[in-house]
Asker: 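Please see the structure below; I have some questions.
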2 protein chains.
Amino acid sequence: MATLKDIGAELGLSAATVSRALNGFPEVSARTRDRVREAAERLGYRPNRSAQRLATGRSGVVGMIVKLRADMSADQTFFEVLAGLTAALAARDTDLVLAVDQGDDPVAPYARMLERDLLDGFVLNAPTADDPRPAFLRAHGVPFVMHGQHCARPDYPFFGIDNPAVSRDSVEFLVALGHRRMALINGETRFAFAAERAGAFRDAMAAEGLALPEGFVASGPPTESAGYTAALPWLAGRCGPRPTAILCASTPQAAGAMRAARDLGLKVPRDLSVMAHDDALPHTDALRFDPPLTVTRAPMRDACAPLAQQLIDHIDGAPAARLQTVIRAGLTVRGSTGPVPQGEETPWPRTTPPVTQAPG
Amino acid sequence: MATLKDIGAELGLSAATVSRALNGFPEVSARTRDRVREAAERLGYRPNRSAQRLATGRSGVVGMIVKLRADMSADQTFFEVLAGLTAALAARDTDLVLAVDQGDDPVAPYARMLERDLLDGFVLNAPTADDPRPAFLRAHGVPFVMHGQHCARPDYPFFGIDNPAVSRDSVEFLVALGHRRMALINGETRFAFAAERAGAFRDAMAAEGLALPEGFVASGPPTESAGYTAALPWLAGRCGPRPTAILCASTPQAAGAMRAARDLGLKVPRDLSVMAHDDALPHTDALRFDPPLTVTRAPMRDACAPLAQQLIDHIDGAPAARLQTVIRAGLTVRGSTGPVPQGEETPWPRTTPPVTQAPG
DNA sequence: ATCATTGTTCAAAACGCTTTGAATCAGTGT
DNA sequence: ACACTGATTCAAAGCGTTTTGAACAATGAT
């Protein structure tokens, strides 16, 4: 295996110059750089990672904790993220090591990983509303990046979508179609994204002057059956006048809602509009919607490269404030939404005094 | 962060002695070793992995390729193995990095990983009958360990179970109960373990002088529906006299076979004996069998520590021949097997001349 | 001719560990 | 007293990088 010294000897240069040339430092002449690059290529030079890491003081390893369910399965998104992250991190000469965890303490696995190995940082995912991990890792001085965000304005690097906008855009879109009774099938409320979406959904309804009885906000996992179970009583009219539009946190939930409508003889979009947020996970792409589903869309796949980039920049010392990305999901109108049905333009009655709209 | 030199300074020793003391070399006196250990503990010493790796010439990283299905899911056993392996490898100061792969070429992902990073070795799993990976990795001089084995007598380190014995023990057990018509619901035939089990099943039947029409060996994934689909026509008598015992490659398949029996009004074990090989995966533990299932059992969880150990020993230079573990699955008799039903003691008719038993 | 300036390169130190070969020290037998 | 052991310990070299501080050469200005 060729080393820097070998290349230097080959060209009559010092190892220092060769190192600089390969790392693109400005003070080496263009001619030298080219000669070095050529020789490195020719000799099949591969930098020794251990030596690089020793010299730079970094381990070149970042960690991620995989939260397992009791049945030893993980989030559907896991492999998608794993594939994307390993590739993106590899491009920056960094390895990803995983630890699986089944415990109740959210920070314990991080503590274990920290004391065992020296990691350069962590990738966190699935933030909960009162997530203790950011404070814990900050206290230990460990860089990390979050996939998502656990509060509206975090002080750490993260990549997430504008969750309030998802709800707001959806409500406004439905209102423009004349809808006045919109229900929400949300994600699991322990997750921060779900809390944000629910809050913004309520705010948006209030901003439109529309009542929203509590019973018309459900929450559950991103499964077809969760969508079905939530939608069925609403559409059967068991909770009061049925909603004319249902907003779902995930596409499988939307599939369930549509099945509930079908079972009750309701036509989409004639009698009911259904829309969802779409993470564009490959396994849900297989869901064939009829009619095709109107969605707000933000491919999860697109998160990996920025996450890797931002984490490594943060490890390299970039301030967190510069490493925050919020993307706005785009609204794609398809066939599952339509104008409010004739005669169904009445909002729900107010069950409680109107909510005072939050400032801002 | 304390270094070896710090500890040496603290005790008036050289870094070399401290290194030896901590690594348990025999030439340091017991007193010194204790003092060093105490000081290391007190100063919170953690060895710098990069420095260790640079000095020893090893990267401290081993790789594993995760084969994904088209729907971005992996083997059910994946997380079980991941958790066990990372823990076992961590105990030997080694990290596991994963690469996910969806391609058709079995060796391409290994080639990619090799050229990108310098790995100390690989963990391979799910060997197929004509697995090209051992030859490829050997040609590149990369150590590896196999979970399972791709042929009867491999020349590489592996940890696997004695698959022929699984079939043999099961057949002999059923024969002892008087059964003469046994059918096999096997694993997917591309996997080596399934080929071994099928071969040994046929041999064992032949050794008992029993006919085995081709139609009574099925194969499929380890799912309940695969078991059901395979068993139903047999039990309905559509393929000739129905088997009095069914041997399954996995417990979900056994669940399917038992459901098929129930649907046809057959009682287990009165009318049909069912047994299976049990990998003891946690997600299948949830399967409640009624009656409880007779199994050959070899917990997959037990494979991780030996796999890690053998791989690292191999990297350290131990010869492959010393690093091969074959465990014999134990037979646990429960309620799903019983004596052959009265009047069903007749073997299947020979459809072809009796197979000459393979030597050995 | 001299002096600064800029651009390019180098030798050497550092990173923290392992390992080699030599040195020290106690104890033993002569 | 002597050399000879065996048990401990040490200083130094090395692993392959990155980075520092200095050196060198070419250029331009004085």
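Residue numbers start from 1 in every chain, and the chains themselves are labelled A, B, ... in the order their sequence lines are given, proteins ahead of strands.
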Asker: Show me, pair by pair, the donor-acceptor contacts under 3.5 angstrom made by side chains of residues 39-47 of chain B, not counting sequence neighbours?
Answerer:
| residue | atom | partner | partner atom | Å |
| --- | --- | --- | --- | --- |
| B:R42 | NE | B:E38 | OE2 | 2.8 |
| B:R42 | NH1 | B:E10 | OE2 | 2.8 |
| B:R42 | NH2 | B:E38 | OE1 | 3.3 |
| B:R46 | NH1 | A:E115 | O | 2.9 |

Asker: CG of A:D130: more than 12 outside heavy atoms within 6.0 angstrom?
Answerer: no

Asker: Name the nucleic acid region contacted by A:G12, choosing base, sugar-phosphate or nothing; use a 4.0 angstrom heavy-atom cut-off, strictly under.
Answerer: sugar-phosphate

Asker: Would you indicate what B:S14 reaches in the nucleic acid, counting non-hydrogen atoms under 4.0 angstrom: base, sugar-phosphate, or nothing?
Answerer: base

Asker: Would you mind checking if B:D155 and B:R138 are paired as a salt bridge, meaning a charged N to carboxylate O distance below 4.0 Å?
Answerer: yes

Asker: Would you indicate what A:T32 reaches in the nucleic acid, counting non-hydrogen atoms under 4.0 angstrom: base, sugar-phosphate, or nothing?
Answerer: sugar-phosphate

Asker: Out of B:V142, B:L89, B:V145, which one pairs with B:V62 under the side-chain contact (heavy atoms from CB on, under 4.5 Å) rule?
Answerer: B:L89

Asker: For DNA chain D, which nucleotides open and close the run of contacts to chain B, 5' to 3', at under 4.0 angstrom from a non-hydrogen atom?
Answerer: D:dT8 to D:dG16

Asker: Would you call the rings of B:Y156 and B:H150 parallel, tilted or perpendicular, where under 30° means parallel and over 60° means perpendicular?
Answerer: parallel

Asker: Can you tell me the distance, in whole Å, between the CG atom of A:N48 and the P atom of C:dG16?
Answerer: 17 Å

Asker: Of the options A:I315, A:D313, A:L307, which is the one that meets A:L311 in a side-chain contact (heavy atoms from CB on, under 4.5 Å)?
Answerer: A:I315

Asker: What string of B, S and - do you get for nucleotides 18-28 of chain C 5' to 3' if you count protein non-hydrogen atoms under 4.0 Å?
Answerer: BBBB-------

Asker: Whole Å only: how far is the CZ atom of B:R49 from the C1' atom of C:dC15?
Answerer: 16 Å

Asker: Between A:G103 and A:K67, what is the shortest heavy-atom contact and its length?
Answerer: O-NZ, 3.2 Å

Asker: Within this structure, what is the CZ-to-C1' distance between B:R53 and C:dC17, rounded to whole angstrom?
Answerer: 13 Å

Asker: Measure the acute angle between the ring planes of A:F78 and B:F78, then classify it against the limits of 30° and 60° as parallel, tilted or perpendicular.
Answerer: tilted

Asker: For the pair made of CZ in A:R33 and P in C:dG7, what is the distance, rounded to whole Å?
Answerer: 14 Å

